[in-house]
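Read the structure below first, then the notes.
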Protein chains: 2
Amino acid sequence: MTWTQEWLELDPTVCSVARTVALVGDKWTFLLLREVNNGVRRFEPLQRRLGAPRAVLAARLAHLVDAGLLERAPYREAGQRTRFEYRLTQRGADLRPVLVALMQYGDQHLAEDAGPPVELRHRGCGADVHLALVCANAHVLSGRDDLAPRPGSGARRLAS
Amino acid sequence: MTWTQEWLELDPTVCSVARTVALVGDKWTFLLLREVNNGVRRFEPLQRRLGAPRAVLAARLAHLVDAGLLERAPYREAGQRTRFEYRLTQRGADLRPVLVALMQYGDQHLAEDAGPPVELRHRGCGADVHLALVCANAHVLSGRDDLAPRPGSGARRLAS
DNA sequence: CAGTATCCCAAGCGATACTG
DNA sequence: CAGTATCGCTTGGGATACTG
């Protein structure tokens with residue numbers, strides 16, 4: 001446990017987890033991204049499915065567009081004026097592992113009898129997909145102690 | 001895009017993402033779990049590093065113990081009375097992919113020049129660790145369209 | 001050290017109504 | 001359909017002080 005001391009001296013605000021959480025870690029954003037990932041892109045169905053107040057949804061969408069995770073794309077249905085829908089950017093799609101990780105945990109530990117609400121398949125071969133921690137030597141990490149976090153080059157010591 | 005219709009008819013509350021977010025998706029829990037993963041297990045250092053009010057930290061710890069993600073373990077320093085520290089259970093350790101996913105996203109998209117604040121190594125072989133989507137046939141999914149989400153056996157149609 | 005207790009405040013939520 | 005505007009209210013957060 002001596003290595004714990006090492007972490008105590010590092011600045012906890014210099015942290016990629018904290019930065020990502022600050023960006024998308026509020027009550028609605030994960031669920032909103034889930035919907036967009038499933039192709040639900042318009043305001044009305046989003047609002048109906050999330051159950052969020054319209055003002056809240058509008059604020060979240062604006063925030064995500066602003067952060068570059070979503071983009072507004074104009075579309076037009078016959079006889080209607082131009083409207084907008086929200087699409088994932090690459091930057092937004094890169095958050096998919098987070099969603100998959102949340103989903104997998106829910107499937108494993110918070111599931112009901114009926115099985116997972118969503119299954120992930122490899123489009124190429126049809127097999128089930130899961131998320132795994134793998135090392136550069138292709139070992140799969142499963143045990144509690146297989147993972148060794150180390151301060152990286154961007155770590156900063158505490159000022160005090 | 002016709003498959004979008006399929007998702008519109010499914011109950012959005014039956015969702016493993018939503019359940020996991022409901023469990024750990026508040027402002028402090030991710031950061032708290034990050035600290036515990038790094039071996040910071042006692043109340044005082046946790047409070048100091050998170051900057052959360054003591055009452056809030058106590059509530060989060062109790063909640064996580066209650067949910068079975070952490071366990072209180074007694075320890076004793078020389079000449080002191082017995083105290084408690086908080087350790088990850090397996091159930092808590094299983095959330096690590098979520099943390100790693102958040103961290104990887106931050107490293108990729110929200111980083112500073114200095115590089116990642118934390119690096120992950122495989123304790124067995126020392127190699128760098130990353131998160132990967134793999135299928136049952138051991139294919140690694142990398143492309144944007146390799147992943148095909150499908151309603152699973154636990155999916156429920158909307159009542160209305 | 002490891003929490004409780006208290007108080008106050010602000011953000012954010014939910015509901016509803018309104019607009020182009 | 002796709003939002004804005006408004007409002008009352010609860011939840012939870014910050015600061016501080018207290019206890020075994």
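The analysis underlying the following values was restricted to heavy atoms, covering all of them including side chains, and did not include hydrogens, waters or symmetry mates. The shown structure was predicted, so the numbers you read here are calculated from the model rather than taken from an experiment. Lettering follows sequence order; numbering is per chain, from 1.
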Exercise. Would you kindly give the NE2-to-P distance between B:His63 and D:dG12, to the nearest whole Å?
Key: 11 Å

Quiz prompt | NZ or CZ of B:Arg42 within 45° of B:Tyr75 ring axis and under 6.0 Å | solution = yes

Quiz item: Is it true that B:Arg48 and B:Glu35 have a side-chain N and a carboxylate O under 4.0 angstrom from each other?
Solution: no

Self-check item: Atom pair distance, as rounded to whole Å: CZ in A:Arg41 and P in D:dC1
Solution: 18 Å

Quiz item: What nucleic acid atoms does B:Arg48 come within less than 4.0 Å of, heavy atoms only: base, sugar-phosphate, or nothing?
Solution: nothing

Practice problem: Measure from CD on A:Glu44 to P on D:dA2 and round the result to the nearest Å. | Solution: 7 Å

Self-check item: Between C:dG3 (P) and B:Leu61 (CG): distance, integer Å
Solution: 7 Å

Quiz prompt | Check: A:Tyr105 side chain, B:Arg91 main-chain N or O, donor-acceptor pair, under 3.5 Å | solution = yes

Self-check item: Pairwise distance CZ(B:Phe84) to CG(B:Leu70) - rounded to 0.5 angstrom
Solution: 14.5 Å

Quiz item: Say you draw a straight line from SG of A:Cys125 to CG of B:Leu141; how long is it, rounded to the nearest 0.5 Å?
Solution: 8.0 Å

Practice problem: Let me know the distance between CG of B:Leu57 and C1' of D:dG14, rounded to the nearest Å. | Solution: 14 Å

Quiz item: Can you check the A:Arg42 CZ to D:dG3 P distance for me, whole Å?
Solution: 11 Å

Self-check item: Angle between terminal axes - the helix from C:dC1-D:dG20 to C:dG20-D:dC1, 5 pairs each end, rounded to 10°
Solution: 40°

Practice problem: Do nucleotides 12-20 of chain C as a string where each nucleotide becomes B, S or -: B if the base has a protein heavy atom under 4.0 Å, S if just the sugar-phosphate does, - if no protein is that close. | Solution: -SB--B--B

Quiz item: Any idea which of D:dA2, C:dT4, C:dA2 is nearest the B:Ala58 side chain?
Solution: C:dT4

Quiz item: Is A:Tyr75 near enough to D:dA2 that one of its side-chain N or O atoms lies under 4.0 angstrom from OP1 or OP2?
Solution: yes

Quiz item: Are B:Asp94 and A:His109 close enough that a side-chain donor and a side-chain acceptor fall under 3.5 Å?
Solution: yes

Quiz item: Can you tell me if B:Arg41 uses its side chain to pair, donor with acceptor, with the backbone of B:Leu88 under 3.5 Å?
Solution: no

Practice problem: State plainly whether the residues B:Arg157 and B:Glu9 are in salt-bridge range, i.e. N to O under 4.0 Å. | Solution: yes

Quiz item: For the pair made of CG in A:Leu50 and C1' in D:dG3, what is the distance, rounded to whole Å?
Solution: 15 Å

Quiz item: Does B:Arg83 come within less than 4.0 Å of B:Glu44, counting only side-chain N to carboxylate O?
Solution: no

